[in-house]
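For the numbers below, each heavy atom of this structure counts, side chains included, while hydrogens, waters and symmetry mates do not.
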Amino acid sequence: TPTPIPVRAKGIEARTLMAGTPWQTPVSVRSSGVRGPVVMVLGGVHGNEPGGWTAAEIVAAWEPSAGDLIVVPRANITAIASFVRTWEEIGDLNRLYPGDPNSAFAMERMAAEIIDTAREFKVDVLLDMHESWAFYAEYPVGGGTGALGQTITSGVGPRQGELAKALAERVNPQVSAREQMIVRDGNAFRRPDSTPAPGQANRGRSSLSIGGHVPGLTPVLVEMGQENQALDRRVGNHLVVARGLMEIMGIL
């Protein structure tokens with residue numbers, strides 16, 4: 001019989017990823033004191049996607065009624081400060097999982113710390129909040145990564161089969177017709193395990209690969225469309241998705 005995972009005492013713990021470096025960023029850990037699932041939320045992976053990091057900062061203040069809630073609101077804090085996606089010299093965090101603590105790319109080292117945190121807390125679901133420019137439904141062919149707005153994609157993990165679909169079904173009655181979330185197949189995003197060199201076309205590994213490196217974890221990546229959708233509305237949609245996911249998981 002497996003040894004039960006100890007229940008963390010109720011309370012708030014403040015942590016830091018990449019402490020002592022220019023890229024250090026805070027982590028909020030809220031524990032309910034009641035046995036339950038662990039949900040991890042990432043925001044600010046790309047510095048020009050404010051809807052994600054703004055929503056994540058709000059989520060960091062939520063109190064779970066069961067299990068634990070871990071939030072990294074501003075994962076790429078220097079890119080956020082300059083309002084750019086990222087820089088080539090530090091790498092693209094969402095192309096560098098599972099990370100490498102000895103990498104020359106700062107964001108590959110960040111990826112390794114995110115993976116270590118997910119393993120330490122035995123995270124069940126990781127929600128990665130992003131923004132794309134155009135809406136997927138409005139550019140269904142040939143839009144590329146710039147047209148992934150209003151999509152939910154689940155990567156490989158024990159809940160991949162049903163989680164994204166259940167989340168879309170919960171969220172869509174709460175948003176407008178244009179804002180309907182579309183479920184995409186995360187199996188299409190398996191990437192090689194080698195780190196892409198700067199400038200290479202290879203996208204590397206996104207957060208959708210994290211379930212392959214943290215046992216029991218299912219990653220979910222959500223994109224909100226920026227085109228003709230105000231920031232406060234994008235933030236609101238992210239919060240609807242986050243709350244819906246946590247209600248499905250039973251921590252709110």
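- Leu93 and Leu217 end up in the same hydrophobic cluster when Ile, Leu, Val, Met, Phe, Trp and Tyr side chains are linked at under 4.5 Å.
- Residues Val45 and Ser207 have side chains not in contact (no heavy-atom distance under 4.5 Å, counting atoms from C-beta outward).
- Taking every heavy atom of both residues into account, Pro73 and Trp53 meet most closely at O-CB, 3.3 Å.
- Here CG of Asp128 is found 8.0 Å from CD1 of Ile114. Values are rounded to the nearest 0.5 Å.
- Using a distance-only test at 3.5 Å, with no hydrogens or angles considered, no donor-acceptor pair links the side chain of Arg30 to the main chain of Ile12.
- A donor atom on one side chain and an acceptor atom on the other are not found under 3.5 Å apart for Thr218 and Arg159.
- Atom CG of Asn237 sits about 10.0 Å away from atom CD of Gln180, to the nearest 0.5 Å.
- In this structure a side-chain-to-backbone donor-acceptor pair under 3.5 Å is present from Asn172 to Met181.
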Met107/Arg95 under side chain to side chain contact (heavy atoms under 4.5 Å, CB included): CA gap, chis, key distance, verdict
CA-CA 9 Å; Met107 289 300 103; Arg95 304 290 183 264; over 6 Å; no
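- Arg74 contributes no side-chain N or O that, together with a main-chain N or O of Glu57, makes up a donor-acceptor pair within less than 3.5 Å.
- Taken to the nearest 0.5 Å, the OG1 atom of Thr153 stands 6.0 Å off from the CG atom of Leu208.
- Judged by distance alone, with hydrogens and angles left aside, the side-chain atoms of Ser206 form no donor-acceptor pair with the main-chain N or O of Asn94 at under 3.5 Å.
- A donor-acceptor pair under 3.5 Å is formed between the side chain of Gln160 and the backbone N or O of Ser154.
- Ser132 and Gly149 get closest at one heavy-atom pair: CB-N, 3.6 Å.
- Counted within 6.0 Å of CD on Gln174, heavy atoms from surrounding residues, nucleotides or ligands total more than 12; the atom is thus considered enclosed.
- Judged by distance alone, the side chains of Asp68 and Ser31 do bring a donor and an acceptor atom under 3.5 Å apart.
- In this structure, the side chain of Ser65 engages the main chain of Ile251 through a donor-acceptor pair within 3.5 Å.
- The same ILVMFWY cluster, assembled from side-chain heavy atoms under 4.5 Å apart, contains both Val29 and Val214.
- A donor-acceptor contact shorter than 3.5 Å is absent between the side chain of Thr16 and the backbone of Pro26.
- Criterion: ILVMFWY side-chain heavy atoms under 4.5 Å apart, direct or through other members. Under it, Val222 and Ile182 are not part of a common hydrophobic cluster.
- The pair Arg15-Glu120 counts as a salt bridge, with a side-chain nitrogen and a carboxylate oxygen less than 4.0 angstrom apart.
- A heavy-atom distance below 4.5 Å is found between the side chains of Arg178 and Phe135.
- Side-chain contact between Arg184 and Tyr136 is present, with heavy atoms from C-beta onward closer than 4.5 Å.
- Note: Trp133 CH2 to Asn228 CG = 6.5 Å, rounded to the nearest 0.5 Å.
- A donor-acceptor contact shorter than 3.5 Å links the side chain of Glu131 to the backbone of Gly51.
- Taking all atoms of both residues into account, the shortest heavy-atom contact from Leu245 to Leu163 is CD1-CD1, 3.8 Å.
- Taken together through direct or relayed side-chain contacts under 4.5 Å among Ile, Leu, Val, Met, Phe, Trp and Tyr, Val59 and Leu126 form parts of separate hydrophobic clusters.
- The structure places OG1 of Thr54 at 10.5 Å from CE of Met129, a figure rounded to the nearest 0.5 Å.
- Taking both residues in full, the closest heavy atoms of Pro173 and Ala168 are given as CD-O, 4.4 Å, listed atom of the first, atom of the second, then distance.
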Kindly indicate, with the supporting measurements, whether the criterion side chain to side chain contact (heavy atoms under 4.5 Å, CB included) is fulfilled by Trp62 and Val71.
CA-CA 10 Å; Trp62 291 359; Val71 184; over 6 Å; no
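- Of the possible polar contacts, one joining the Asp124 side chain to the Val38 backbone as a donor-acceptor pair under 3.5 Å is found.
- Among Asn76, Val72, Thr25, the single residue meeting the side-chain contact (heavy atoms from CB on, under 4.5 Å) criterion with Met110 is Thr25.
- Distance OG/Ser28 to CG/Leu69: 6.5 Å, rounded to 0.5 Å.
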One pair to check against side chain to side chain contact (heavy atoms under 4.5 Å, CB included): Val171 and Gln150. What are the steps and the verdict?
CA-CA 11 Å; Val171 168; Gln150 310 307 120; over 6 Å; no
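- Distance alone, capped at 3.5 Å, is enough to place a donor-acceptor pair between the Glu113 side chain and the Met18 backbone.
- Cluster membership check: Leu239 shares its hydrophobic cluster with Met249, using side-chain heavy-atom separations under 4.5 Å among Ile, Leu, Val, Met, Phe, Trp and Tyr.
- With contacts defined as side-chain heavy-atom distances shorter than 4.5 Å, the pair Arg233/Glu179 qualifies.
- The heavy-atom pair separating Arg234 from Met224 by the smallest distance is O-CG, 4.0 Å.
- What you find for His238 and His130 is that their closest heavy atoms are NE2-O, 3.1 Å.
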